[in-house]
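Numbers for residues simply follow the sequence, beginning at 1. None of these values were measured; they are calculated from a predicted model.
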Amino acid sequence: MAHQYSSQGRLSPSGDTEDMALLLAPRLAHFAAVARTEHVTRAAQELEVPQSTLSRAMVRLERDLGVDLFARHGRTVSLTPAGRTFLASVERALAEVERAAEEVRADADPATGKVAFGFLHTMGAETVPGLLHAFRADHPRIRFSLVQNYGEAMLERLRAGELDLCLTSPVPDAPDLVARRLDEQKLRLVVPADHPLASRRRVRLAEAAEENFVTLEPGYGLRRITDTLCHEAGFRPRIAFEGEEAETLRGLVAAGLGVALLPPPTVPRPGVVELTVTAPRAAREIGVAWLADRPDTPPVAAFKRFLLSRRGNLVPG
């Protein structure tokens with residue numbers, strides 16, 4: 001028997017979509033159960049709710065939608081064409097919710113969960129693979145989503161909830177973040193192999209005041225450190241080229257296009273000489289950062305403890 005509904009209290013088709021979703025979402029599983037069993041009593045038993053409650057919920061659902069979803073036949077019901085259309089979408093929505101729930105449960109599993117981990121490009125060739133190898137000796141099934149980027153970009157992704165932890169330099173100091181210093185990495189003045197300074201082992205940074213520098217782009221932590229060290233040495237670096245990756249800068253130095261302040265390479269690079277800087281002290285601090293007040297899943301907590309245990313032993317000296 002068809003039901004006639006007044007428009008009073010009904011959400012209009014032009015109403016706010018978010019309001020409609022909030023109104024309907026709690027009732028979708030109830031609707032799907034009634035549609036599947038075609039019997040309110042059996043659906044109520046499955047859902048462990050009173051039959052009267054379920055019956056009223058279905059009536060309110062039809063009233064709020066403004067359409068009949070069921071044709072009633074005594075104690076049984078059958079779907080109307082509108083009900084079948086609605087059911088197809090409801091089943092897809094419920095399946096997507098279940099998939100999302102399974103995904104977040106899986107990511108939080110202590111043994112097989114996932115860690116979203118960001119780190120600097122310069123740590124990708126050796127440091128991070130070594131860390132992951134050591135960590136997985138005790139946690140062989142924990143999964144990682146790895147992101148390489150410069151420091152500010154990683155902190156943005158940390159704040160956006162896309163990363164759980166990141167290794168970065170300089171160590172950030174911000175009220176919404178927690179950061180712990182893990183290690184220090186010396187920086188070298190890298191010069192072409194035929195450069196007048198190439199026969200030296202040590203150099204004061206002021207001796208490179210008249211050189212062209214190749215550096216990372218503004219916004220990169222190593223660029224800020226380079227600018228600061230040059231300022232401490234009494235000069236402003238003359239920038240010839242800016243790049244996004246340390247080994248590219250080494251290639252530019254090898255081609256005779258300038259000098260650079262860089263961390264040690266993973267493997268020696270032909271065509272350049274790496275000089276120890278005696279003054280000012282040239283080093284960068286490396287730390288791990290995470291968002292304050294965000295609870296850790298078990299796999300994130302385990303990896304955080306592991307990183308903190310590597311304090312002072314993160315990178316080669």
Side-chain angles (χ1 to χ4, degrees), residues 17-19 21-29 47-48 92-124 127-184 219-221 284-315:
T17 302
E18 184 177 352
D19 288 345
L22 290 173
L23 181 68
L24 298 180
R27 308 177 189 173
L28 298 186
L47 296 169
E48 297 183 345
R92 288 195 297 270
L94 293 175
E96 183 63 18
V97 170
E98 180 61 26
R99 184 203 62 78
E102 287 297 330
E103 183 176 334
V104 296
R105 284 196 291 262
D107 287 348
D109 185 274
T112 63
K114 186 173 73 173
V115 179
F117 181 45
F119 52 92
L120 301 169
H121 288 286
T122 51
M123 309 194 77
T127 300
V128 168
L131 287 172
L132 298 182
H133 177 77
F135 176 73
R136 295 196 78 190
D138 293 324
H139 304 83
R141 298 169 62 199
I142 285 182
R143 298 167 290 123
F144 283 84
S145 172
L146 301 177
V147 174
Q148 290 178 267
N149 216 322
Y150 65 97
E152 286 301 320
M154 284 194 297
L155 296 182
E156 288 178 11
R157 297 186 70 167
L158 196 64
R159 291 183 169 106
E162 298 173 13
L163 292 176
D164 298 309
L165 303 163
C166 67
L167 284 181
T168 188
S169 177
V171 180
D173 181 12
D176 61 331
L177 299 177
V178 179
R180 297 287 183 267
R181 181 186 183 277
L182 295 180
D183 212 341
E184 181 182 86
Y220 283 68
R284 65 172 180 173
E285 289 187 336
I286 298 170
V288 58
W290 60 88
L291 202 60
D293 302 322
R294 179 191 292 168
D296 292 330
T297 63
V300 171
F303 190 57
K304 182 189 293 184
R305 288 193 299 270
F306 169 79
L307 289 176
L308 294 174
S309 75
R310 306 283 289 201
R311 190 179 283 117
N313 191 32
L314 188 75
V315 296

From [X] atom [atom1] to [Y] atom [atom2], the distance as rounded to the nearest 0.5 Å:
| X | Y | atom1 | atom2 | value |
| --- | --- | --- | --- | --- |
| L182 | I286 | CG | CD1 | 8.5 Å |
| T122 | Y220 | OG1 | OH | 11.0 Å |
| L314 | L167 | CG | CG | 6.0 Å |
| I142 | D107 | CD1 | CG | 11.5 Å |
| E162 | E156 | CD | CD | 9.5 Å |

Within a strict 4.5 Å, meaning less than it, do heavy atoms of the [X] and [Y] side chains meet?
| X | Y | value |
| --- | --- | --- |
| L307 | W290 | no |
| H139 | P299 | no |
| E103 | R99 | yes |
| D109 | R141 | no |
| M154 | L163 | yes |
| L165 | V300 | yes |
| F144 | L132 | yes |
| L131 | F119 | no |

Donor-acceptor contact present, side-chain R143 to main-chain T112, <3.5 Å |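 Yes, the answer is positive, given that a donor and an acceptor are paired below the 3.5 Å cut-off.
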Any donor-acceptor pair under 3.5 Å linking the side chain of D183 with the backbone of V315?
->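 Flag set: sc D183 to bb V315 pair under 3.5 Å.
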For the student: nearest non-hydrogen atoms of [X] and [Y], plus distance:
| X | Y | value |
| --- | --- | --- |
| R159 | D176 | NE-OD2, 2.6 Å |
| A179 | V171 | CB-CG1, 3.6 Å |
| L155 | C166 | CD2-SG, 3.9 Å |
| S169 | L120 | N-CD1, 3.7 Å |
| A134 | R310 | CB-NH1, 4.0 Å |
| A108 | P298 | O-CD, 3.3 Å |

For F303 and D164, what are the C-alpha separation, side-chain angles and deciding distance, and is it a side chain to side chain contact (heavy atoms under 4.5 Å, CB included)?
-> CA-CA 10 Å; F303 190 57; D164 298 309; over 6 Å; no
